[in-house]
Amino acid sequence: MERIKVSKLLKSVEFGMDVNVKGWVRTKRGNKNVAFIALNDGSIIHNIQVVVDVEKFDEETLKLITTGSCISVIGELVESMGQGQSCEIQAKEIQVYGTADAETYPLQKKGHTLEFLREIAHLRPRTNTFGAVLRIRHAMAYGIHKYFNDKGFVYLHTPIITGSDAEGAGAMFRVTTLDAANPPKNTDGTVNFVEDFFGKSTNLTVSGQLEGELGAMALSEVYTFGPTFRAENSNTPRHLAEFWMIEPEMAFFEITDNMDLAEDFLKYLISYALENCADDLEFLNKMYDNELIERLKFVVENPFERLPYTKAIDILVNSGHKFEFPVSWGTDLQSEHERYLVENHFKKPVILTDYPRDIKAFYMKQNEDGKTVRAMDVLFPKIGEIIGGSQREEDYDKLLARIKEMNIHEEDLWWYLETRKFGTAPHAGFGLGFERLILFVSGMSNIRDVIPFPRTPKNAEF
RNA sequence: UCCUACUUAGCUCAGUUGGUUAGAGCAUCUGACUGUUAAUCAGAGGGUCGCUGGUUCAAGUCCAGCAGUGGGAGCCA
């Protein structure tokens, strides 16, 4: 008999037919006459209740059905006699695929702390919480591709191993096949990477942006969506050493077009979650964050506040609010400043633009004032910076001057500079941290709980 | 990396000014119960008190170092 998924079954109203479901047992309870098994196959947050007439089954088989075990059930789909579910399966045949020793299986019927579940990341997808988060994560990944595809963007695969050390987005992980204990050396004692696999020093990418720009200078609109690596010793609920990032890059877009796209993109994804992940969001709203759904709707329905950095500084200085770090023009905003703007002053997402050039990357387009660049950061409640982007400097001379000024090796970027030499065009783009998006959409508060197997300093288990 | 808190049963936590044999709830096991919803009720088993060292007649409790985890900060997405 063909297997039917629980998600499909719970929507079915055709009582009286025999069905086959397969899944993992969440709980079993009952008495010597009747047993109730809550079965889940991950297709939906809800379980299907399997009713077992105890005397019709072998006692030894029923004993094997414990929390965590995996079974296949054939039975009749009937209207439930009990409260709490509309339909259930009256079991006729049960096959046990895999037992789960009750004394050692770590997941209980009772709730667990997220900290404990992180220690058993191989089993936590079997919980309601992680089932919900992982389904939402999937829906967001799909929504991202759908959004860009519908808009005519080309999905560009940028390299994961990079020889460019000039991306400037943080510490990198080295990629090498050299013997760590005994690497070939130059006469001055440094490691000779000419003998390494690629004939030069290579690292894992910290951003696909520079290559993304190369694609945009031919295909007009491109986006990347792939893993990104930062070797920073960051121990916070918002950072991972390995995370996924979405980086659209658009020719002929100026900074305002970039902001429009970023806002529309975020609103599309949040709407997509509200429409397609309603059950999972309701669960998370109930269990973790009572204002989650309300907050998601608010973000979709209200325009983001847009203002230049300089104006934000004025607001902060005149706020009368006591900050731990003083506010002054020319310094980067601290978390507390961003939080004040988003959560206290505007009470909605904020897009800040035109930051001082000295605190931003070399590739950002320089404004006429000689002091600021066309950067934009999208700040969200609870999680802070969710998007960072800019219009790019398309003028060869200005870009080269900035590279020299910041002591970046221009010879490493010859290919990047050539796009400004041959058919340059105004263009812009941004980066969205995928896990930060999931954090916001799911209402979870630690980034380690929105990726299946988190990589953080001192942790690469599983 | 810095600041701070925490680490006691499978899980979540109590544990008094240092003082006999370290407790509870849940989970597990056994039994009871004719349809349960984190079922309920009764009983039982379950501990190197994170690790190392120190103070003391005596350390889960006080001190030091180390490790891990949470929260905050920095770096950023």
Side-chain angles (χ1 to χ4, degrees), chain A residues 26-38 46-47 49-55 63 66-68 78 80-85 88 90 100-120 127-128 167-171 206-209 224-225 227-247 262 287 323-325 332-339 359-361 377-380 383-389 430-440 445-451 456-459 461:
Chain A
R26 287 292 173 78
T27 69
K28 187 178 76 168
R29 52 181 172 260
N31 52 49
K32 63 184 170 190
N33 299 298
V34 63
F36 302 93
I37 299 165
H46 306 297
N47 304 320
Q49 173 156 281
V50 176
V51 184
V52 180
D53 201 345
V54 171
E55 61 183 16
K63 266 194 157 169
T66 57
T67 300
V78 296
S80 179
M81 291 161 62
Q83 304 290 308
Q85 61 280 318
E88 61 193 21
Q90 190 70 46
D101 176 35
E103 302 236 19
T104 50
Y105 183 63
L107 288 172
Q108 304 170 2
K109 314 176 183 189
K110 208 176 138 83
H112 291 290
T113 58
L114 295 168
E115 289 84 356
F116 174 66
L117 292 174
R118 273 172 224 151
E119 294 170 15
I120 51 166
T127 62
N128 287 334
E167 287 165 353
V206 292
S207 164
Q209 181 202 312
T224 73
F225 184 5
T228 310
F229 307 88
R230 304 271 166 94
E232 304 285 352
N233 191 8
S234 299
N235 294 286
T236 84
R238 296 179 307 281
H239 291 86
L240 291 165
E242 176 184 286
F243 63 101
W244 289 66
M245 186 154 65
I246 301 102
E247 294 175 291
M287 300 299 288
F323 293 107
E324 192 189 337
F325 295 91
D332 214 350
L333 294 179
Q334 304 288 323
S335 294
E336 57 170 343
H337 304 143
E338 296 180 347
R339 226 178 302 124
I359 58 171
K360 288 292 182 184
D377 283 2
V378 181
L379 310 178
F380 259 36
I383 58 170
E385 184 181 340
I386 192 169
I387 277 180
F430 60 81
L432 167 69
F434 186 53
E435 283 75 19
R436 289 198 181 166
L437 171 74
I438 307 304
L439 218 42
F440 184 76
S445 49
N446 192 312
I447 202 161
R448 295 169 184 134
D449 298 327
V450 297
I451 187 168
T456 53
K458 299 275 183 319
N459 182 15
E461 193 68 52

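In what follows, chains are A, B, ... by sequence order, proteins preceding strands, each numbered from 1.
- Rounded to whole Å, the distance from CD on Glu103(A) to C1' on A27(B) is 10 Å.
- Rounded to a whole Å, the CG atom of Asn31(A) is 13 Å from the C1' atom of C41(B).
- Atoms CD1 (Ile37(A)) and C1' (A38(B)) sit 17 Å apart, rounded to a whole Å.
- Distance CG (Asp377(A)) to C1' (C76(B)): 10 Å, rounded to an integer number of Å.
- When the P atom of A38(B) is taken as reference, atom CE of Met287(A) falls 10 Å away, rounded to whole Å.
- No hydrogens or angles were tested; on distance alone, a donor-acceptor pair under 3.5 Å links the side chain of Gln108(A) to the base of G10(B).
- Contact check for Leu107(A) versus Leu117(A): side-chain heavy atoms found under the 4.5 Å cut-off.
- Remark: Asn235(A) is not in phosphate contact with G70(B), judged by side-chain N or O atoms under 4.0 Å from OP1 or OP2.
- Donor-acceptor pairing under 3.5 Å, judged by distance alone, is present between the side chain of Ser234(A) and the base of C75(B).
- The ring of Phe36(A) does not lie on top of the base of G35(B); it is either too far (5.5 Å or more) or too tilted (30° or more).
- Between the side chain of Arg230(A) and the base of A77(B), a donor-acceptor pair under 3.5 Å is found.
- With hydrogens and angles left out, the side chain of His112(A) and the base of C11(B) share no donor-acceptor pair within 3.5 Å.
- Summarising the geometry, the separation between CD on Gln49(A) and C1' on G35(B) is reported as 8 Å, rounded to the nearest angstrom.
- Atom CD in Gln90(A) sits roughly 15 Å away from atom P in U36(B) (whole-Å rounding).
- With both ends at atom C1', the span from C2(B) to U12(B) equals 31 Å, rounded to whole Å.
- Nearest-nucleotide assignment on RNA chain B puts the 5′-proximal partner with Phe116(A), out of Phe434(A) and Phe116(A).
- Here G46(B) sits opposite no nucleotide as a Watson-Crick or G-U wobble pair (both hydrogen-bonding atom distances under 3.5 Å).
- Put simply, the side chain of Gln83(A) and the base of G35(B) share no donor and acceptor less than 3.5 Å apart.
- Residue side chain Gln85(A) reaches the base of U36(B) through a donor-acceptor N/O pair under 3.5 Å, judged by distance alone.
- Per the geometry, CZ belonging to Arg29(A) stands 12 Å off C1' belonging to U40(B), to the nearest Å.
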